[in-house]
Structure formats: structure tokens, C-alpha cells
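All remarks here apply to the structure that follows.
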Amino acid sequence: MKIYNSKTRKKEEFQPIEEGRVRMYVCGPTVYDNIHIGNARTFISFDVIRRWLIACGYEVTFAQNLTDVDDKIINRANEQGRSAEDVAEEFSKKFIDVMHKANVMDPDIRPRATREIGPMIGMIKTLIEGGHAYAADNGDVYFAVRSDPTYGEVSGRKIDDLMAGARIEENEDKNDPLDFALWKAAKPGEPMWNSPWGEGRPGWHTECAAMVHRYLGCPIDIHGGGSDLAFPHHENECAQASCAWHQGFANTWMHTGMLLVDGEKMSKSLGNFFTLEEVLEKHSAAALRLLMLQTHYRSPLDFSWERLEGAENSLARIAGTVNNLKWAAAHAEGTPDTEPAAGLIAVTERASSEFESCMNDDFNTAGALAAYFQLVTEANTYLDQAGSAVDEEAATVCAVSIAGAFALLGIELPQPEEELPVGLLGVAAGLVAYTGDDVNEAAEKILAARAEARAAKNWELADAIRDQLRDMGLIIEDTAAGSRIKYAK
Ligand SMILES: [Zn+2]
């Protein structure tokens with residue numbers, strides 16, 4: 001399996017530290033608002049990456065934090081006259097709920113910053129003792145960036161270029177403008193904890209380093225997040241952990257690309273800003289995931305409502321094919337042609353191996369999906385050609401393979417056909433004098449009665465059957481493999 005390592009800017013053969021085991025960490029949200037679909041892209045991408053690693057047989061331990069103390073939370077709390085704790089609690093819960101709606105698996109470990117203050121203080125002490133951090137007169141503690149000779153390697157930046165950057169703010173408490181806060185002295189009205197440097201709270205970059213060390217152990221196999229986190233957040237996490245424990249921090253760094261809306265950057269001022277919650281109110285999680293996975297996780301992703309509608313239609317088409325294959329297999333009549341059946345099995349195997357090699361090539365979900373879109377087209381051609389003489393095994397193998405591939409990516413295909421209603425029996429009883437209690441048998445009797453009526457040109461009876469079914473919200477669908485009763489759309 002090859003993975004693109006953003007630290008080395010190369011695709012590398014993936015070698016877990018411990019054989020058969022993968023330890024991965026993905027930075028979670030700061031819980032001050034509902035997450036937007038750009039954030040969702042990162043979490044869905046890493047959910048798919050995790051699912052594929054599990055499918056490959058790795059025992060995966062996945063940790064993701066909740067940043068529940070931060071300037072943004074405190075500002076939001078002040079705007080709304082609430083406590084920061086209250087704001088963090090509300091949006092932590094909303095985040096977890098919406099991740100469930102999006103079919104994102106829960107992390108194995110979900111540490112929260114406010115419950116990890118002790119380990120963070122421990123790490124800061126170690127950094128001060130090692131000469132990598134210092135307490136300033138104002139009660140802040142800073143990391144001394146120049147004490148880390150590898151600083152800049154994660155995001156590919158050079159210290160001199162950073163110094164030249166115009167956006168470094170003046171701060172006379174820092175020894176060097178590049179230094180960043182590990183601990184911030186308490187301000188009135190803010191959440192605070194006791195520490196050897198007085199009351200205060202941790203800086204944002206501190207928690208992930210301490211959590212990775214505590215829950216996964218350094219170094220880990222994969223560290224991930226959105227590309228906007230590479231600098232300074234990931235750079236600073238790495239600097240702290242490597243200087244505190246000298247064991248390295250993460251072997252492979254993975255970053256997801258940006259999400260654009262109709263080709264433009266998403267922003268509240270442009271009116272093209274969407275939360276995951278509102279998108280999932282209008283569309284299925286499966287369609288959103290399909291849309292996202294049709295673009296490679298590192299490339300910019302273009303979101304639009306039209307594309308989402310298109311993904312919804314694609315899903316219905318795929319689900320329809322899976323259903324038709326299963327139905328045709330269950331109702332097969334006559335002797336199937338062996339050659340087209342063998343052909344269907346061959347194209348199914350080809351799609352499956354293409355899927356696997358794409359996924360093993362830096363999680364190329366777009367290529368993996370394309371292989372199955374192609375298979376769906378081939379399966380439909382087969383069904384048209386075979387008519388009612390479908391090869392049961394070939395159709396079943398193909399249906400299971402399609403449904404399995406989508407399920408593996410976390411895409412649940414819509415269930416186009418529900419169980420037919422028991423009320424159908426009443427129609428059956430009235431029209432064809434059926435007295436049993438098996439819905440499928442009743443459906444067969446009705447279809448047989450209709451076919452007989454049509455053959456005898458008894459249009460009155462044929463129409464009566466159709467009308468009674470329609471009153472119950474059912475239609476008769478005539479397919480190449482025969483007729484069936486299903487719900488009207
Ligand atoms: Zn982080």
C-alpha cells in the first residue's frame with residue numbers, strides 16, 4: 001500500500017511501526033459552532049482511510065480530540081452570555097450527532113482538552129527542563145522554536161522564510177517572534193486551571209501532542225487533518241512532542257484538500273457557506289459521501305447542489321441494478337447462456353481487483369468508484385440480454401460485489417424495495433381468490449391473473465388489477481426478466 005506523505009512530499013510504501021497494527025490520530029474540531037462541509041470532508045476522508053486499513057486486516061486504533069477550550073469558544077460564550085463550558089458541551093454533542101448521521105465511525109479514543117490539563121502541564125514542564133520552553137513574565141509559557149533544529153519539516157517551511165513573513169505580531173514577552181504559546185495566563189472571565197506558572201489555560205497546539213503521547217504512544221503511524229492545519233498547528237504539535245520525548249511524532253502525515261462551492265472558496269460573506277447538518281437535512285449521507293469520494297482526498301473538491309443531486313441519482317441507479325440482479329437471480333427461468341454469465345463474473349472480478357489496487361494507491365477512491373460504475377453498466381447490459389434466463393450465481397456474485405464495495409466505503413445504498421404490504425393479500429383475495437398468507441405468493445398470483453387477463457384480452461380485469469394496486473401505492477413493473485410489483489415512486 002502506498003500513501004502520500006505530505007512531510008516528504010512523496011508517495012511511500014506504507015510500513016506500520018508494529019506489524020499488523022496502525023495507530024492514527026486526526027485533529028478534531030474546536031467545538032464553538034456546527035461544522036461546515038469543508039470540515040466534514042476531512043472527517044469523511046479519514047473515515048474511509050480507516051475503513052480501508054481495517055478491511056486490509058490492520059488492527060487500527062484511531063484517536064480524535066475535541067478542542068473544548070479555545071479563544072473561539074470563549075468569544076462565542078461572551079457574545080451569547082453563556083459559559084464557555086456550556087457552549088463547548090452543546091457543540092460537542094452536535095458534532096458527535098452529525099458524525100453519526102454522516103456514517104462516520106466513532107473514534108476509539110476521543111480525548112477532550114479540558115480533561116487532559118494534567119498531561120499537558122507535564123509535557124510543558126518536560127519542555128522547560130529540556131531547554132525547549134520558557135515561562136515569560138506575563139505568566140505565559142512559550143515554546144522556543146529555534147531550539148528545535150527540525151522545525152519546519154512537517155509543513156516544508158524554512159525558519160528564515162517564517163521570520164520574513166509579515167504577519168508575525170510583536171510580543172515583548174517572547175524571546176523570539178516565532179515562539180508560540182504552550183500555556184496562556186488567565187484573563188478574567190475565562191476558564192482557568194492551576195499550574196506551576198500560575199492560573200491559565202493551554203495553548204491550542206499543546207493538546208494534540210500530549211494526547212497522542214498519552215493514548216497512542218510516540219511515534220504514531222499516521223497523523224491527519226485538513227491541509228489548513230499543516231502550519232502552524234501540525235508543525236507545532238510535532239515540535240513539542242519530538243522535543244519532549246525524543247521519539248519522533250508521526251511517520252506519515254496526511255492532509256486533505258480544500259472544499260470549494262461552485263468553484264469558489266466557501267465563506268459566510270459569499271453566502272455559499274453550508275453546515276453538514278443542513279446538507280444532511282436535504283440529502284442522504286450516502287450521496288454526500290459519494291460526491292466527496294469521486295475526488296481524490298488531496299485534490300480540491302468542488303461541491304454544488306447539482307453535483308449532490310447527481311450523486312443521489314447515481315446511487316438510485318446503482319441500488320436499482322443491485323436489486324434487479326438479486327430479483328432476476330431469484331426468479332430465473334430457463335437455461336442460462338454460459339458465455340455471458342462467465343463474462344459477468346469476469347468483469348466483476350476485474351472491478352474488484354481494480355478497486356483494491358486503486359485503494360492501495362494512496363486511497364484513490366475516485367478510481368475505485370469508477371471501476372464499479374463501469375461494472376453497473378455491464379451488469380445492466382447482461383440483464384437486458386439474459387431476459388428471464390439469468391445465471392443465478394453470476395447475478396448474485398455481481399450484486400454482492402457491488403453492494404460490498406459501496407458498503408466498504410461507508411456508502412449505504414438506498415433500499416429501493418421494501419417488503420410488500422400485507423394489505424396486498426386483500427387485493428389478491430378479491431381478484432384471484434387467494435386464501436394463503438404469503439405476500440410474495442399473493443404477488444405472483446396477481447401477476448399471473450393479470451397476464452392471463454391480458455392474454456385473453458380481458459382489459460377490464462387487467463385494468464381493475466392495475467387500479468387496485470395503484471390505490472395502494474403500488475405499480476407493476478415489467479422488466480426483461482419478468483414482471484413484479486413494487487412501490488410507486
Ligand atoms: Zn491537532
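Any value given below was found using the heavy atoms of this structure, including those in side chains, with hydrogens, waters and symmetry copies removed. When a ligand or atom number is given, it counts from 1 through the structure's own listing order. Computed from a predicted model, the values in this text were never measured in an experiment.
- Remark: E90 engages R82, K94 in a salt bridge (Lys or Arg N to Asp or Glu O under 4.0 Å) (not counting sequence neighbours).
- Side-chain contact annotation: E312 with S284, donor-acceptor N/O pair under 3.5 Å present.
- For K184, the salt bridge (Lys or Arg N to Asp or Glu O under 4.0 Å) test picks out D71, with sequence neighbours left out.
- Figure legend: cation-pi geometry between K268 and F273, with NZ or CZ positioned under 6.0 Å from the six-membered ring centre and within 45° of its axis.
- Evaluation of the salt bridge (Lys or Arg N to Asp or Glu O under 4.0 Å) rule for R50 yields D108 as partners, not counting sequence neighbours.
- The count of protein N, O or S atoms under 2.8 Å from the Zn ion (ligand 1) stands at 4, with waters excluded from the count.
- In summary, the aromatic rings of F355 and Y372 are positioned with their centroids under 6.0 Å apart.
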